[in-house]
*Asks:* 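For reference, the structure I am asking about is given below.
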Amino acid sequence: MPLWLTGLVVVAAMAFAYLFCIRPTLRGQGHCRVSREDPELDRQIAELREEVRVLRAEDALASGRVAGHKPTTPPVDG
């Protein structure tokens, strides 16, 4: 694909995103905007954030990145 055609596609995609998502959202009319007035959505977001926090903590424990946690494998002498 010619470079000028690739550039044209990129510019068209950016213009589309600006005209139909970013500009209406800035004006408060957009469909891309998520309403923060929904308590059910807030509850789901809080549950997902907690799940991500727990998974990150488990990963940190498993990889030995937590202070005071001793690795299960002995050090390798080189």
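For this chain, numbers begin at 1 and follow the sequence in order.
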*Asks:* Does V54 share a hydrophobic cluster with V52, counting links as ILVMFWY side-chain heavy atoms below 4.5 Å and allowing steps through other members?
*Replies:*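 Not linked; separate clusters.
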*Asks:* Could you list the cluster mates of M14? Members are the ILVMFWY residues connected by side-chain heavy atoms closer than 4.5 Å, either directly or through other members.
*Replies:*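 Reading the cluster by chain and number, M14 sits alongside V10.
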*Asks:* Quick one: CG on L61 to CZ on R56, what's the gap to the nearest 0.5 Å?
*Replies:*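 Reported value, rounded in 0.5 Å steps: 14.5 Å.
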*Asks:* Using side-chain hydrogen bond (donor to acceptor under 3.5 Å, both in side chains) as the criterion, list what pairs up with E58, not counting sequence neighbours.
*Replies:* none
*Asks:* What residues form a side-chain hydrogen bond (donor to acceptor under 3.5 Å, both in side chains) with R43, not counting sequence neighbours?
*Replies:* E40, E47
*Asks:* Are V11 and V9 linked, directly or through intermediate hydrophobic residues, by side-chain heavy-atom contacts shorter than 4.5 Å (ILVMFWY only)?
*Replies:*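 No, it is not one cluster - the side chains of V9 and V11 are not joined through contacts under 4.5 Å.
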*Asks:* Could you give the distance from CG (L48) to CG (L55), rounded to the nearest 0.5 Å?
*Replies:*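 L48 atom CG to L55 atom CG measures 10.5 Å (nearest 0.5 Å).
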